[in-house]
Amino acid sequence: MSSKKYILEMFPYPSGNIHMGHVRNYVIGDICARYHKLKGDEVIHPMGWDAFGLPAENAAIQFKTHPQDWTLQNIKNMKRQLQKLDLDLDWDRELATCNEEYYKHQQELFIDLYNAGLAYKKDALVNWDPVDQTVLANEQVIDGKGWRTGAEVEKKNLSQWFFKITNYAEELLTGLDSLDLWPEKVKTMQKNWIGKSIGAEIKFEISGSTDFLNIFTTRPDTIYGATFIAVSVNHKIVSDSLDKKSIEDIKNTFTSISDEKEKLGIKLNLNCKHPLLDKEIPIYIANFVLDTYGEGAIFGCPAHDERDFEFANKYSLPIIKVVECEDGKLPFSGEGKVINSPLLNGLEKKDAIEKIVNHFKKEGIGNEKVNFKLRDWGVSRQRYWGCPIPVIYYEDGTYRVLDKDELPVLLPYNVNLEGKGNALLKKEDWRKLTCPKMNKTAFRETDTLDTFVDSSWYYMRFLNNKLNSPFDSKQIDNLLPVDKYIGGIEHAILHLLYSRFFMKALRDIYGFNVDEPFKQLFTQGMITHKTFRTSKNEWVMPKEVVSKNGALIRLKTKEVIKEGPCEKMSKSKKNVIEPDEILSSYGIDATRIFMISDSPPDRELEWTDEGIQSSKNLIHRIERYFSNEKSLVQNGVEENVEKFVHNIEKNILNFSLNKCVADIYTLFNYLEKTKTFLHNSPLSKKILTCIFPILPRLAISINQSLFNSKNFSLWPDVNLDLLIDDKIILPIQIQGKLVTTIDTEKGYSQEEILKSIYQLDKIRNKISDKKIIKVINVQDKIINIITN
RNA sequence: GCGCCAGUGGCGGAAUGGUAGACGCGCUGGUCUUAGGAACCAGUGGGCAACCGUGGGGGUUCGAGUCCCUCCUGGCGCACCA
């Protein structure tokens with residue numbers, strides 16, 4: 001029975017050359033694809049280029065080449081490299097996101113999203129990468145630094161385009177449960193990223209005013225312990241009550257401290273009324289309150305929150321215990337009975353929360369509230385080399401999202417890329433136009449889309465890369481989700497979350513029946529290699545180092561070299577292995593098999609010379625085996641070949657590709673050990689079919705010479721009867737410890753076996769005069785004799 | 001700090017609760033030779049042995065690398081998320 005299999009590897013950024021990481025990624029996918037083709041499945045296995053993005057602009061400045069020329073040239077070279085690897089890819093599906101043929105459809109999708117209320121523009125405090133001179137999404141800021149440049153990110157207030165991913169927060173979270181073929185780890189990371197918290201929103205009345213301050217809390221049960229309010233410096237109440245200069249000063253104070261975690265607060269000249277008690281509590285501007293989470297304001301309950309406790313101690317604020325705890329030590333954030341809280345005394349946390357929220361609702365001062373950490377996705381980038389956003393602005397400041405018949409908005413080729421900032425902004429003749437619909441002067445949006453937008457739907461476009469619309473809904477329903485998506489763990493959050501959002505958003509716009517884009521996700525491990533350094537800590541390439549009298553010496557200079565740890569291949573550490581060089585000295589098949597040999601594909605693979613060499617040796621060994629023209633068949637060969645077929649199939653399906661390699665060794669060890677020569681027998685054909693996905697070149701050449709054929713048979717059906725071996729080695733245990741094993745056949749009864757093993761000295765000595773209390777007999781598996 | 005994952009020979013790694021160490025690398029001895037980035041044969045967890053061995057300690061079980069508790073170590077992720 002044939003079925004469709006969409007096998008996809010994450011498409012590469014065309015940086016110039018493929019590296020070993022790509023090779024491993026694509027070999028894994030290629031093995032799957034070839035296997036499924038042999039199974040008779042209708043396999044989709046495309047490849048394309050994630051071709052927009054900053055490196056092209058940087059290269060333009062550095063090498064004085066145009067980003068487009070640079071990119072297209074890189075694509076050409078990398079395509080050549082991939083083809084050298086003989087990957088079985090559907091090149092007729094190829095696409096590059098920087099081509100008009102791709103991005104014009106993306107502009108259409110932008111319009112769709114806008115019309116569906118999922119794209120909007122707002123002034124926002126954004127993360128500004130001063131090196132790349134562009135805005136970054138929250139998830140592209142890591143430890144306060146740009147994910148690409150590593151530069152300290154600044155805050156800037158800019159008008160930006162956003163995608164309303166938060167509309168799908170709940171579904172993006174619950175959808176994870178249906179992804180049973182995704183690594184737990186990735187799901188956990190997404191779950192944490194989405195960050196759902198269930199709690200309450202509570203209104204605090206500002207004293208001497210009719211205004212309220214909203215706060216979000218997950219612990220409304222501790223409301224009686226609230227002794228202060230803290231707000232972020234960016235909170236509205238701050239700009240309402242202080243002048244710009246003082247706010248700037250506070251911000252400077254906050255950023256000047258060396259210990260980021262040190263709590264700082266500035267008391268506002270305002271108080272709040274406690275919602276339940278007849279007392280006033282102070283409002284502080286505090287450095288530890290996040291303006292991007294919840295309402296940017298909290299109530300402080302020092303007795304039951306570590307941060308609030310620290311803050312209260314520093315500013316001598318009262319600490320009121322409202323939850324009972326065993327040792328009485330504060331702060332205590334665990335569960336316990338509520339105390340000192342008139343409405344809630346004696347209740348457990350869960351009941352207390354329910355009761356107090358109901359009370360708030362009745363009084364109109366609060367509500368249940370679910371809060372998400374996930375923010376909307378900022379997609380504006382102040383860059384030239386990206387997909388133009390199909391929007392124009394008028395002189396009065398209003399804007400219009402273009403209609404589909406006004407597309408495409410082409411990226412102009414002739415731009416000045418010198419200097420910093422966005423080249424489109426300086427391209428007056430492109431920017432300025434007369435709006436054909438309104439017949440007045442207009443200016444194009446000069447921001448381009450985040451390249452993560454490009455990769456959020458490329459797997460849809462692959463289904464028909466020539467279609468005159470983004471995709472065909474029927475095809476999406478029939479051919480998605482991607483059955484196996486293979487790529488690096490580094491995309492665990494960004495790319496995969498955005499793609500899931502696109503799938504869902506476009507599903508709702510176009511009415512697809514697909515909820516998730518990737519049914520199975522497989523994250524391959526990176527490739528590491530030894531590192532070496534001189535005494536001055538300069539990196540040295542491994543091939544320059546030789547071992548001499550137990551010491552490591554640099555060949556050229558005779559310097560003594562120290563060996564460092566195995567690390568991810570990187571140019572700066574000089575431990576990179578170039579695929580082109582390896583391919584020319586070891587060949588495709590040896591390279592392929594080494595990529596899967598030494599560790600499971602989802603774990604790190606250490607590059608070693610011995611490893612690649614032994615892969616090469618295996619290729620020679622198989623060649624030698626089949627070049628023997630003898631035909632000599634031993635009993636049991638069929639069973640062994642059957643076992644081989646069965647195991648290798650199971651292991652391909654599980655991505656246990658390292659075990660496939662072991663299966664190949666095991667088979668040839670057996671054949672050679674038993675001096676079985678199959679030559680051009682049907683069994684040889686079967687074996688060749690099964691090694692074809694892993695070693696295609698070798699299988700093809702042997703198939704040619706033995707059978708004079710270019711074709712392989714379909715993947716053989718496994719005859720399960722042949723897998724059952726009547727001869728067994730039965731372990732005998734006494735008191736659960738292995739004493740001996742006996743060669744026997746299946747099906748003997750407990751009595752028969754016991755009778756025969758009592759004759760064995762080993763057993764008799766062990767038992768001697770002891771009484772046998774019990775015998776555990778797992779038929780044909782093990783016998784365990786229990787004595788007193 | 002919180003969360004997740006993992007700890008098995010000299011190394012990479014195998015083991016539906018049922019013979020721990022498949023398979024490979026390395027190593028040791030040997031064979032052959034057009035002296036090779038070969039190939040072949042034998043061996044290779046520790047211990048002379050009885051036995052002991054899957055990070056430590058407990059537990060469940062006839063039986064634990066595998067399940068439970070606890071601690072240690074390492075990796076990854078998140079990190080003032082109220």
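Order of the sequence lines sets the chain letters (A, B, ...), proteins ahead of strands, with each chain counted from 1.
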Query raised in the report: Partner of G53(B) by Watson-Crick or G-U wobble geometry, both contacts under 3.5 Å, or none?
Result: none
Query raised in the report: Given that both distances must come in under 3.5 Å, which nucleotide forms a Watson-Crick or G-U wobble pair with G7(B)?
Result: C72(B)
Nearest to the side chain of [X], heavy atoms from C-beta on, is which of [options]?
X	options	answer
K659(A)	A14(B), A79(B), C23(B)	A14(B)
T188(A)	A82(B), G18(B), G3(B)	G3(B)
Y665(A)	G63(B), A79(B), C23(B)	C23(B)
P731(A)	G18(B), U19(B), C80(B)	U19(B)
R624(A)	C80(B), A38(B), A39(B)	A39(B)
V778(A)	C23(B), G18(B), A82(B)	G18(B)
E610(A)	C25(B), C62(B), U19(B)	C25(B)
I729(A)	A82(B), U19(B), C23(B)	U19(B)
N784(A)	C80(B), C78(B), C62(B)	C62(B)
T218(A)	A82(B), C23(B), C62(B)	A82(B)

Report summary line: Classified by glycosidic angle (syn within 90° of 0, else anti), G21(B) comes out anti
Can you check the [X] [atom1] to [N] [atom2] distance for me, whole Å?
X	N	atom1	atom2	value
I596(A)	G24(B)	CD1	P	15 Å
I593(A)	G24(B)	CD1	P	12 Å
Y625(A)	C40(B)	OH	C1'	16 Å
Q735(A)	U61(B)	CD	P	16 Å

Requested in this report: Remember a base hit wins even if backbone is also touched, and classify N371(A) as base, sugar-phosphate or nothing at under 4.0 Å, heavy atoms.
Outcome: nothing
Query raised in the report: Touch check for K187(A), heavy atoms < 4.0 angstrom, all strands: base, sugar-phosphate only, or nothing?
Result: nothing
Query raised in the report: Taking atom types as modelled, is there a side-chain donor on Y293(A) or S197(A) under 3.5 Å from an acceptor on the other?
Result: yes
Interface polar pairs with nucleotides 74-76 of chain B, N/O, under 3.5 angstrom:
unit_1 : atom_1 : unit_2  : atom_2 : d
C76(B) : O2'    : K185(A) : NZ     : 2.9

Taking only the side-chain nitrogens and oxygens of [X], find out if one of them lies under 4.0 Å from OP1 or OP2 of [N].
X	N	answer
K616(A)	G24(B)	no
Y293(A)	A82(B)	yes
N669(A)	G24(B)	yes

Show the distances under 3.5 angstrom between N or O atoms of the protein and N or O atoms of nucleotides 6-13 of chain B.
unit_1 : atom_1 : unit_2  : atom_2 : d
G12(B) : O2'    : D598(A) : O      : 2.2

Tabulate atom names and distances for all N/O pairs under 3.5 angstrom spanning the protein and nucleotides 44-55 of chain B.
unit_1 : atom_1 : unit_2  : atom_2 : d
C51(B) : OP1    : K766(A) : NZ     : 2.9
C52(B) : OP1    : K737(A) : NZ     : 3.3

**Report entry** Ring geometry between Y625(A) and F668(A) (parallel below 30°, tilted from 30 to 60°, perpendicular above 60°)
**Finding:** perpendicular
Query raised in the report: Where does the angle between the aromatic ring planes of F311(A) and Y315(A) fall among parallel (under 30°), tilted (30 to 60°) and perpendicular (over 60°)?
Result: tilted
